[in-house]
Amino acid sequence: MKYSKYFIPTQRNSPQEALLNSHKLMLRAGLIHKVSSGLYGYLPYGLLALRNVEAIIRQQMNKAGAIETIMPLLVPAELLQRSGREKVFKRELFRFLDRNDAGLALSATNEETFTQLIEKQISSYKQLPVNLYQIATKFRDEIRPRYGVMRSKEFIMKDAYSFHVDAESLHETYMAMRQAYINIFTRLGLDFVHVAASSGAMGGQDSEEFIVKSPVGEETLVLCSACSYKANLEKAIQQISPPKATTSSLAKLEKVHTPHQDTISKVAAFLHSHSTRSIKTLVYEYEKTADSNVWLPLILILRGDFKLNETKLEALLASNIRLASPESLEAVFHCPKGYLSPINLEKPPRVIADISLKNLSQACAGANEKDYHFIGVDMQRDIALPLGDLFSFHDISLVQENAACSNCSEKLLQVKGIEVGHIFKLGKKYSRAFQLSVQNQQGKKITPTMGCYGIGVNRSLAAIIESNNDQHGIIFPPQIAPFKTALISIGTQPEILQQSSALYDRLGQENISCLWDDRLESPGVKFKDIDLIGIPLSLIISSRLLATQQCELKIRRTGERLTLPLNNISALLAKLHAMLS
RNA sequence: CGGAGUAUAGCGCAGUUGGUAGCGCGCUUGGUUUGGGACCAAGAGGUCACAGGUUCAAGCCCUGUUACUCCGACCA
């Protein structure tokens, strides 16, 4: 491709709106064009990079036995009603009516469409398992789009859906997809980890996230510094550190006056105690049954130095949760926040205690009276026993900073990352909703079980750029680079153009894609632009080099320059092939 | 949806006490250049986000609206 005939609108200044390096560079190097918040178009150069990412995904998916399809981007509301997800997605879905007032949504994910496909097309176990995928645009009315294409309203996802007669078959495909994902992200050149994750809006059981380590990521990973333990922060577990030793030994509860001490740290300081001997009380509400909109109060207690993990709690209850409204708080307690606890309540609601509180004694807790706290609290005696069936212990806390690994007791590290892939065992949630059934070998009808597997395609591209750049611009790994080489002609003399043209043609014959910078620009402009757009290798032709029948090869990543003879083109081409493979 | 900020040429920005719109880069034309964002000359380009108000006079002051960005909640 001749640069002069191509379209790469580069910019010298970073647009003020971009925060991330990848976002700035994608704009500056002319990969993307912002249409509006969360809406980006791909310009020719960016599209080539995107296509290369897609090709790697496609290759590995096909190799793992998945089969490509294309399904509509519009999803009839009827399908979402059948799965019950019309309500789950709430306002995240872009929805509208067609001319006959039939409800439609723009595809945010496609479980329903694929489940319906199987419902209509498959009736025998002989046709299973099947694993279908597509690479398609997804639409989500994000609460807050940000970071360019990292989180946008419209994005490209590879989504796959597999259908199976039993759990073993699902597991086999799940593991094949897991391996395919490892291959894909390795091939993309990303520094990633895969961790157990919570399944979010998709529903289901096992799931693993693929996360690229990056300080700008929105996900938090918990990794053990010694053993192989790793998990998403939302799912991570830790060894509970013992509470701070105490010398007091009250035999029973005692109410003490604690004027204006309405936070854990104030109370602990006031009582010369410690937050690890405090009981933190939070009041939430949870939905009685999914989407019933009937909310029940719920008291959560944690050790003073722990924080609630809402995701763990939601998974535990299998229900939506929200902070209690002032009215429902009033219905349970008759005192201000800061002095609450589940001790001696008249009509206690359900109480869930974090496992950090197990066996805690000599603790302090609110006395349910303004300016008073209890001391000498014993979890078992004062909370667990009196509450009986209303009470239970569960792990509902976030992993603390510097927490110890539950496997090996070594330090857990928290690392930021970008989620680029997610695989799930969905189970029968959708197949039941769609009353999917196939006949098994005995002629009995059974409900297939499902898996689904997603990759953020353009997010992966952004992650690649985020981790492959320097002060001069993008540094594309060869397998992603829109052009493997650039040919920079310096000078306008006929012999320079002639030599450049000959070399350009040879590269074409060798299938080494090349962007020939034939523009009438000064050398500086060409060097800067080629650096900015990140082409891995540059060949330079100038009168100075031609005088000795040589050209120069420059390596973008290292800045290294090699002078090579032009009279041995096959050696030159062999060298390029070697460096690009 | 809560909180914060921004809005002036394609991009980055300045604009004093309210007095008729500027800079750098980019763009166009002509010429000279060609190893790291060249030089000279001449140009083009603006509803100062939008609406209303105050004023003899508003980019600037006041009110409202919109868009964008950031933080939070949410989320493959």
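Each chain gets a letter, A, B and so on, in the order the sequences are listed, and its residues count up from 1.
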Between the protein and nucleotides 27-29 of chain B, list the N/O to N/O atom pairs that are separated by less than 3.5 angstrom.
none

- prompt: What nucleic acid atoms does A:Leu545 come within less than 4.0 Å of, heavy atoms only: base, sugar-phosphate, or nothing?
  reply: base
message: Pairing donors with acceptors under 3.5 angstrom, does anything connect the side chains of A:Asn468 and A:Arg557?
response: yes
Atom pairs under 3.5 Å: protein N/O with N/O of nucleotides 13-15 of chain B:
none

- line: Out of B:rC75, B:rG36, B:rC74, minimum distance to the side chain of A:Ile143 belongs to B:rC74
message: My understanding is that only residues two or more places apart in sequence, or in another chain, count here; which of them pass side chain to side chain donor-acceptor pair (under 3.5 Å) with A:His171?
response: A:Lys425
task: Report the nucleotide, chosen from B:rA76, B:rC68, B:rC75, that has the shortest atom-to-atom distance to any side-chain atom of A:Met157.
output: B:rA76
query: Atom NZ of A:Lys153 and atom P of B:rC75: how far apart are they, to the nearest Å?
result: 19 Å
statement: With sequence neighbours left out, the residues meeting side chain to side chain contact (heavy atoms under 4.5 Å, CB included) with A:Arg51 are A:Leu47, A:Glu54
- request: Please work out if A:Arg519 contacts a base, only the sugar-phosphate, or nothing of the nucleic acid, heavy-atom cut-off 4.0 Å.
  value: nothing
- prompt: With the threshold set at 4.0 Å, does a side-chain nitrogen-carboxylate oxygen contact exist between A:Arg561 and A:Glu552?
  reply: yes
query: Which nucleotide in the set B:rA76, B:rC71, B:rG35 lies at the smallest distance from any side-chain heavy atom of A:Phe155?
result: B:rA76
- prompt: Between A:Ile530 (CD1) and B:rU34 (P), how many Å, whole number?
  reply: 21 Å
message: Looking at B:rC75, I'd like to know if its phosphate oxygens (OP1 or OP2) sit under 4.0 Å from a side-chain N or O belonging to A:Tyr147.
response: no
field: Pairwise distance CD1(A:Ile530) to CD1(A:Ile540) - rounded to 0.5 angstrom
entry: 10.0 Å
message: Say we look at B:rU66 and B:rU28: how far apart would their C1' atoms be, to the nearest angstrom?
response: 34 Å
Side-chain donor-acceptor pairs under 3.5 Å in residues 15-22 of chain A, sequence neighbours left out?
from    : atom 1 : to       : atom 2 : distance (Å)
A:Glu17 : OE1    : A:Lys34  : NZ     : 3.2
A:Glu17 : OE2    : A:Lys34  : NZ     : 3.3
A:Ser22 : OG     : A:Glu466 : OE1    : 2.6

message: Base, sugar-phosphate or nothing for A:Gly454? Non-hydrogen atoms, less than 4.0 Å.
response: nothing
Do any side-chain atoms of residues 35-42 of chain A form donor-acceptor pairs under 3.5 angstrom with protein atoms, and if so which ones, sequence neighbours left out?
from    : atom 1 : to       : atom 2 : distance (Å)
A:Tyr40 : OH     : A:His23  : NE2    : 3.1
A:Tyr42 : OH     : A:Asn458 : ND2    : 3.3

- line: Residues passing the side chain to side chain contact (heavy atoms under 4.5 Å, CB included) test with A:Met579, sequence neighbours excluded, are A:Leu537, A:Leu553, A:Ile555, A:Lys575
- request: Using a 4.0 Å heavy-atom cut-off across all strands, classify A:Gln493 as base, sugar-phosphate, or nothing.
  value: nothing
- request: Please work out if A:Glu17 contacts a base, only the sugar-phosphate, or nothing of the nucleic acid, heavy-atom cut-off 4.0 Å.
  value: sugar-phosphate
query: After noting the C-alpha distance and the side-chain angles of A:Glu112 and A:Arg85, does the key distance pass the salt bridge (charged side-chain N to carboxylate O under 4.0 Å, His left out) rule?
result: CA-CA 9 Å; A:Glu112 289 82 0; A:Arg85 277 213 297 189; 2.8 Å; yes
query: Below 3.5 Å, does any donor atom in the side chain of A:Lys554 face an acceptor in the base of B:rG36, or the other way round?
result: yes
query: Under 4.0 Å: is that the gap between some side-chain N or O of A:Ser37 and OP1 or OP2 of B:rU69?
result: yes
Sugar-phosphate, base or nothing in reach of A:Asp159, heavy atoms under 4.0 Å: nothing
Under 3.5 Å donor-acceptor pair, A:Asp531 side-chain atoms to B:rG36 base atoms: yes
task: Name all residues meeting the side chain to side chain contact (heavy atoms under 4.5 Å, CB included) criterion together with A:Gln59; count only those two or more places apart in sequence or in a different chain, and write none if there are none.
output: none
message: The criterion is side chain to side chain donor-acceptor pair (under 3.5 Å); which residues satisfy it with A:Lys416, sequence neighbours excluded?
response: A:Thr220
message: Using a heavy-atom cut-off of 4.0 Å across all strands, would you classify A:Ser36 as base, sugar-phosphate, or nothing?
response: sugar-phosphate
- prompt: B:rA76 P sits how many Å from A:Glu219 CD, rounded?
  reply: 9 Å
message: Can you tell whether the side chains of A:Lys280 and A:Asp354 come within less than 4.0 Å, N to carboxylate O?
response: no
field: Plane angle bin for A:Phe210 and A:His194 - parallel if under 30°, tilted between 30 and 60°, otherwise perpendicular
entry: parallel
- request: Taking A:Arg459 for its side chain and A:Met150 for its backbone only, find out whether a donor-acceptor pair lies under 3.5 Å.
  value: yes
query: Should A:Asp206 and A:Arg178 count as an ion pair when the cut-off is N to O under 4.0 Å?
result: no
task: Find the distance A:Arg544:CZ to B:rU33:P and express it as a whole number of Å.
output: 19 Å
- line: Here the distance between atom P of B:rA73 and atom CG of A:Leu398, to the nearest Å, is 11 Å
field: Earlier contact from the 5' end, RNA chain B, for A:His472 and A:Asn458
entry: A:His472
query: Do A:Glu154 and A:Arg140 meet the salt-bridge criterion of a basic N to acidic O distance under 4.0 Å?
result: no
Name the pairs: protein N/O against N/O of nucleotides 43-46 of chain B, kept only if under 3.5 Å.
none

Please produce a list of atom pairs where a protein N or O lies less than 3.5 Å from an N or O of nucleotides 37-39 of chain B.
from   : atom 1 : to       : atom 2 : distance (Å)
B:rG37 : O2'    : A:Arg12  : NH1    : 2.9
B:rG37 : O6     : A:Arg28  : NH2    : 3.4
B:rG37 : N2     : A:Asp529 : OD1    : 3.3
B:rA38 : OP2    : A:Ser522 : OG     : 3.0

- prompt: On a whole-Å scale, what distance lies between the C1' atoms belonging to B:rU16 and B:rC1?
  reply: 40 Å
- prompt: A:Lys34 side chain N/O closer than 4.0 Å to the phosphate oxygens (OP1, OP2) of B:rU69?
  reply: yes
- prompt: What is the distance, rounded to the nearest whole Å, between atom CD1 of A:Ile540 and atom C1' of B:rG36?
  reply: 10 Å
- prompt: Any Lys/Arg nitrogen of A:Asp470 or A:Arg556 sitting under 4.0 Å from an Asp/Glu carboxylate oxygen of the other?
  reply: yes
field: Interatomic distance where CD belongs to A:Glu142 and P belongs to B:rG72 [whole Å]
entry: 15 Å
field: Donor-acceptor under 3.5 Å (A:Lys428 side chain, A:Ala433 main chain)
entry: no
query: Using Watson-Crick pairs (N1 to N3, plus N6-O4 or O6-N4) and G-U wobble pairs, both distances under 3.5 Å, which stems of at least 3 pairs involve RNA chain B?
result: B:1-7 with B:66-72, B:10-13 with B:22-25, B:27-32 with B:38-43, B:49-53 with B:61-65
statement: Considering only heavy side-chain atoms of A:Asn13, the closest of B:rG35, B:rC11, B:rA76 is B:rC11
query: Which is true for A:Glu552 with a 4.0 Å heavy-atom rule: it touches a base, it touches only sugar-phosphate, or it touches nothing?
result: base
statement: Rounded to whole Å, CZ of A:Arg140 lies from C1' of B:rA76 at a distance of 5 Å
- prompt: Under the 3.5 Å rule, do the base of B:rC75 and the side chain of A:Arg144 count as making a donor-acceptor pair?
  reply: no
task: Can you measure from OH (A:Tyr161) to CG (A:Leu426) and round to the nearest 0.5 angstrom?
output: 9.0 Å
